[in-house]
Amino acid sequence: MKPQHLALMLLCQFIWGVNFVAAKIGLAHFEPLFFVALRFSLVALLLLPVVGLPKRKLLQLLPLSLTMGVMHFSLIFTGMRYLDAATSSIAVQLQVPFAAIMAAFFFKETLGWRRILGMTVAFAGVVLIAGEPRFGGGNLWPLLSVIGAALVWATANVQVKALGEEFDAVQLNAYIAILAAPQLLLVSFLIEGNQWPNIVNVGLAGWGALLFQSVVVAIFSYWIWYNMMRRYPVNQVMPFTLLLPMIGVISGHLVLDEVVTWQMVLGGIATVAGVAIVVIRRPAVVAPSTKTGI
């Protein structure tokens, strides 16, 4: 990998890692569903002049916008409202083992004992984190919400593969945003009520988090990711994602003063190690066009 491309890949993972902190800052100013709706609306407005309105395969794009756009991001942002950035950045990595399971079920991929071991270790790591005292007394649901988001992402992975190669990654991201934004605005209104009057009270930190999510993450970082995916083999690019949890934990501690416990460290190491086995052993189970931070 050329030095400039290596630097871009490291920058991409840094952006995705600190994005968990940005999300937490944004969620302190917006309701979760409304924050997601604004994120997708801004992305749609920015990319609409570039790609135009979706005209092909709407019957496949609409369900994908529901899973990848509405369900995945609603679950992860709702969970993160009550969960620290560090734990979220670790738990969301279960999307890779979930994707491997989906690939085996729908596409008859052979898992093999090494990837089964990797998945077991990854899930054990999250279970270890879930055993912390702070998750007692019915407080486990935010973590389960993030894990649910990882499962939905794996389901969307199957939908993307069914689409074939008709859309490039930029078009697909744009179409998901265009179709998901009105759905999210409606869901937010039905569940959270009318949030528009509250935006006048949002501070600069909240708007900065929204812009970071929409422009830096959803557009710029994915431009880097997809370009590197085109230039290099998948198994050369995918291992970079193993840096994401470490960056998420460190940034959460430094910026938000989150407490890092020994269970979180051990659970994080186990989860990353398990995901590494899955990714390095057979990275093709993760479709590059759907890989997400948040």
Side-chain angles (χ1 to χ4, degrees), residues 1-27 35-36 39-40 42-43 46-47 50-51 68 72-73 76-77 80 84-93 95-96 99 150 153 168-174 176-177 204-256 258 260 268-269 271-272 275-276 279-280 283 286-294:
M1 186 172 287
K2 295 180 179 179
Q4 63 267 32
H5 294 160
L6 175 62
L8 284 172
M9 282 302 301
L10 293 174
L11 175 62
C12 180
Q13 297 311 308
F14 176 78
I15 291 171
W16 286 354
V18 300
N19 187 42
F20 287 91
V21 171
K24 288 291 293 182
I25 294 173
L27 291 169
F35 187 43
V36 178
R39 179 190 194 269
F40 274 90
L42 185 53
V43 171
L46 292 172
L47 293 182
V50 179
V51 302
M68 178 62 77
H72 171 72
F73 280 89
I76 195 170
F77 275 65
M80 284 193 65
D84 57 279
T87 302
S88 301
S89 66
I90 295 170
V92 78
Q93 295 306 304
Q95 61 192 12
V96 176
W153 177 88
D168 64 34
V170 175
Q171 287 177 315
L172 191 58
N173 264 359
I176 289 173
L204 289 177
W207 291 116
L210 179 62
L211 287 174
F212 184 84
Q213 284 257 319
S214 306
V215 179
V216 179
V217 177
I219 297 177
F220 176 64
S221 70
Y222 286 112
W223 173 82
I224 295 174
W225 177 256
Y226 296 133
N227 273 282
M228 294 302 103
M229 281 298 236
R230 293 190 184 100
R231 289 176 179 270
Y232 297 100
V234 176
N235 61 353
Q236 194 172 352
V237 177
M238 283 300 298
F240 280 92
T241 62
L242 299 173
L243 296 171
L244 193 153
M246 180 181 67
I247 297 171
V249 171
I250 293 173
S251 59
H253 176 68
L254 294 178
V255 179
L256 302 177
E258 294 179 348
V260 179
I269 291 173
T271 302
V272 172
V275 170
V279 168
I280 295 172
V286 183
S289 58
T290 62
K291 177 64 185 174
T292 64
I294 54 171

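Reckoned from all heavy atoms, side chains included, excluding hydrogens, waters and symmetry mates. All values reported here derive from a predicted model rather than from experimental measurement.
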Any chance you could measure Leu242, atom CG, to Thr271, atom OG1, to the nearest 0.5 Å? 11.5 Å

Taking CZ in Phe240 as the centre, count heavy atoms belonging to other residues, nucleotides or ligands within less than 6.0 Å. Is the count above 12? yes

Taken to the nearest 0.5 Å, the spacing of Arg39 CZ from Phe73 CZ works out to 4.0 Å

For the side chain of Asn19 and the backbone of Ala22, is there at least one donor-acceptor N/O pair under 3.5 Å apart? no

Locate the shortest heavy-atom distance separating Thr241 from Gln13; write the atom from each residue and the value. CA-OE1, 3.3 Å

Would one find more than 12 heavy atoms of other residues, nucleotides or ligands at under 6.0 Å from atom NE2 of His253? no

Can you name the closest pair of heavy atoms from Glu258 and Ala86 and give their distance? OE1-N, 3.1 Å

Which distance, rounded to the nearest 0.5 Å, do you find between the CD1 of Ile25 and the CD of Gln213? 10.5 Å

Show the nearest heavy-atom pair for residues Cys12 and Trp225, with the distance to one decimal. SG-CB, 4.2 Å

Got Val249 and Thr87 here, is their nearest side-chain heavy-atom distance under 4.5 Å? no

Any donor-acceptor N/O pair, Lys24 side chain to Met80 backbone, under 3.5 Å: yes

Check: Leu244 and Ser89 side chains under 4.5 Å, non-hydrogen atoms: yes

Hey, what do you get for CD1 (Ile219) to CD1 (Ile224), rounding to the nearest 0.5 Å? 12.5 Å

May I have the step-by-step check of side chain to side chain contact (heavy atoms under 4.5 Å, CB included) for Phe220 and Ile15, ending in yes or no? CA-CA 10 Å; Phe220 176 64; Ile15 291 171; 3.9 Å; yes

With no hydrogens and no angle check, is any side-chain donor or acceptor of Ser214 less than 3.5 Å from a backbone partner on Leu211? no

Value rounded to 0.5 Å, distance of CD in Gln4 from CE in Met9: 13.5 Å

I'd like to know whether Leu256 forms a side chain to side chain contact (heavy atoms under 4.5 Å, CB included) with Asp84, so could you lay out the CA-CA distance, the side-chain angles of the two residues, the decisive distance to 0.1 Å, and finally the verdict. CA-CA 9 Å; Leu256 302 177; Asp84 57 279; over 6 Å; no

Rounded to the nearest 0.5 Å, what's the gap from CE on Met246 to CD1 on Ile269? Could you check? 11.5 Å

Would you call Val170 and Trp223 a side-chain contact if the rule is heavy atoms closer than 4.5 Å? no

Do the side chains of Ile176 and Phe40 get nearer than 4.5 Å, heavy atoms only? yes

Distance-minimising heavy-atom pair for Ala99 and Trp153: CB-CZ3, 3.6 Å

If I compare all heavy atoms of Ala23 with all of Phe77, which pair ends up nearest, and what's the gap? CB-CE2, 4.3 Å

With the side chain counted from C-beta on, respond yes when Trp207 and Phe212 share a heavy-atom pair under 4.5 Å apart, and no when they do not. no

Pair Phe20, Val92 - check side chain to side chain contact (heavy atoms under 4.5 Å, CB included), show working. CA-CA 11 Å; Phe20 287 91; Val92 78; 3.8 Å; yes

Could you walk me through whether Trp16 and Leu11 pass side chain to side chain contact (heavy atoms under 4.5 Å, CB included), step by step? CA-CA 9 Å; Trp16 286 354; Leu11 175 62; over 6 Å; no

Residue pair Pro245 / Ile90: nearest heavy atoms and the distance that separates them: CB-CG1, 4.2 Å

